Protein chains: 2
Amino acid sequence: MRTTNVQDQVLRAALDLFSTQGYATTSVQEIVAAAGVTKGAMYHYFASKDDLLFAIYDRLLSLQKARLEEIVAAGAERGDGVEEVLRAVCEDVISTSIEFLPEGTVFTRSQHMLTPERQKEVKRRRREYHEEFEALLRRGIQEGLFRDDVPTAMLIAHFFSDVHYLSQWYSPTGPATAGQVAEQITELFLRGIRATT
Amino acid sequence: MRTTNVQDQVLRAALDLFSTQGYATTSVQEIVAAAGVTKGAMYHYFASKDDLLFAIYDRLLSLQKARLEEIVAAGAERGDGVEEVLRAVCEDVISTSIEFLPEGTVFTRSQHMLTPERQKEVKRRRREYHEEFEALLRRGIQEGLFRDDVPTAMLIAHFFSDVHYLSQWYSPTGPATAGQVAEQITELFLRGIRATT
DNA sequence: CCACACAAACCGACCAGACGGTACGGAGGT
DNA sequence: ACCTCCGTACCGTCTGGTCGGTTTGTGTGG
């Protein structure tokens, strides 16, 4: 197996503590105590506290990217229309973000705590993701389905604002299910960007 | 006068450093050095580092609340329709958020660094603001202008996600002016929430 | 089945330094 | 004489990270 029990436990504890207390206010001592391991064990697998934080980003970015490409590929194979694909992508990223809510909390809140190089990498990978998203928008605009009087950059920001904001208001114990939220936000977004015929 | 030069300089420096480096990674030493005062002077006016952070929240919350009420009152006096008032409110909060972009950065990023009581107060005042916003939405729904198939809580989240996300992507040196952004986001939002007749 | 070797896994006491905050005294106005 | 304002030196605490050493696992030769 690729990951040991120690790594798993530490990352799990780190995610939990970072998302509830914040990165800076969580000490390595707390993390290893919560994980049930010692500092020596932890520093055997991770070079720094920063590694723990970055692991959270890496996992989420990889996951979202993979899902995006999977959906786009499946849509292309099926010959789906742009709006259909875009809807699937939107609903999926929202659902996934709800599934990984603690990660989302850390993601928005602690980006500036990463080392500068890693901040750059996170930015780069987010940009890549956005560009793939933008390609869908452009296709839709070209086909006359989506409005062309608002820059795509703003449409992207408009959608991902919802995605990032999820961790600040959504509660699994609340009235709405993840699926409902995904559907409704996507609907609001699509309604906003459709061309007026 | 109410505020001394020391207070002003310190708060200005704190805002600048908190927004660029983050609260936890900014030391009191750095702040007083940037403000050109000594620690003794600072601690004469502020009880703790936390006070500096809360001052940023307090100012922004007060400002936004005041502007909201002003606009709603003006709209009521003029006898404006709900959509007209809501549009004015939305455009104003976006413009204001752009005007106070560093405050917005700190706002979203450092809420969990406040003392628990102050976190509660921030939450309470935000909720008050949202409730006033919600009243507009409800009025619009009642009048059949806005859709009633999506919970108002979600419509609120959908709009304020854009507001909070501004500090993460908007650049004053970018292509879009504050006014354009305010107009376009508001347009996207309103288009999304209008009832389909 | 054992003895041995060697590396990976792990322990926990221990730094060096930075941090927020304080104590105390002086300066200057009233 | 007194109070506000502020400078300086200092304190106790906590932090991320290290390091020498021990334990555990595993492959190997007899």
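Predicted, not measured: the structure shown is a model, and the values here were computed from it. Lettering follows sequence order; numbering is per chain, from 1.
Of the inter-residue distances, the one linking Arg138(A) atom CZ with Leu155(A) atom CG reads 9.5 Å to the nearest 0.5 angstrom. For the atom pair CG of Leu15(B) and CD of Glu103(B), the computed distance is 4.5 Å after rounding to the nearest 0.5 Å.
For the segment residues 40-55 of chain A, residues with any heavy atom less than 4.0 angstrom from an atom of DNA chain C are, sorted by number, Gly40(A), Ala41(A), His44(A), Tyr45(A). A heavy atom lying under 4.0 Å from DNA chain C marks the following residues of residues 19-28 of chain B, by number: Thr26(B), Ser27(B), Val28(B).
Ring centroids of Phe160(A) and Phe133(A) are separated by less than 6.0 Å, placing the two rings close together.
For the pair Gln7(A) CD and dA8(C) P, the interatomic distance rounds to 15 Å; values are reported in whole Å. When rounded to the nearest whole Å, the span between CD of Gln9(B) and C1' of dC6(D) equals 16 Å.
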**Request:** Summarise how protein sits on nucleotides 25-30 of chain C as a single string, 5' to 3': B when a protein heavy atom is under 4.0 Å from the base, S for sugar-phosphate-only contact, - for no contact.
**Result:** ------
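Between the base of dG7(D) and the side chain of Lys39(B) there is no donor-acceptor pair shorter than 3.5 Å.
No side-chain heavy atom of Ile193(B) sits under 4.5 Å from any side-chain heavy atom of Phe159(B). The shortest side-chain heavy-atom distance between Phe46(B) and Leu11(B) falls under the 4.5 Å cut-off. Contact annotation: the side chain of Arg147(B) never approaches that of Thr196(B) to less than 4.5 Å [non-hydrogen atoms, C-beta and beyond]. Looking at heavy atoms from C-beta onward, Val93(A) lies out of side-chain contact with Leu68(A) at the 4.5 angstrom threshold.
Residues satisfying the side chain to side chain contact (heavy atoms under 4.5 Å, CB included) criterion with Gln119(B), sequence neighbours excluded, are Leu114(B). Glu183(B) is linked by a side chain to side chain contact (heavy atoms under 4.5 Å, CB included) to Glu91(B), counting only residues two or more places apart in sequence or in another chain.
A salt bridge does not link Glu132(B) with Arg139(B): none of the charged nitrogens is closer than 4.0 Å to a carboxylate oxygen.
Here the nucleotide nearest the side chain of Val6(A), chosen from dC10(C), dG17(D), dG21(C), is dC10(C).
Between Arg109(A) and Ser19(A), the side chains place no donor N or O within less than 3.5 Å of an acceptor N or O (distance only, hydrogens not considered).
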**CA sep, side-chain torsions, deciding dist, call: Tyr57(A), Ser110(A), side-chain contact (heavy atoms from CB on, under 4.5 Å)** = CA-CA 10 Å; Tyr57(A) 283 85; Ser110(A) 306; 3.9 Å; yes
**Request:** Would you check, one step at a time, whether the test side-chain contact (heavy atoms from CB on, under 4.5 Å) holds for Leu86(B) with Phe146(B)?
**Result:** CA-CA 11 Å; Leu86(B) 186 61; Phe146(B) 304 148; 3.7 Å; yes
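Rounded to 10 degrees, the angle separating the terminal axes of the helix from dC1(C)-dG30(D) to dT30(C)-dA1(D) is 0°, with each axis obtained from five end pairs.
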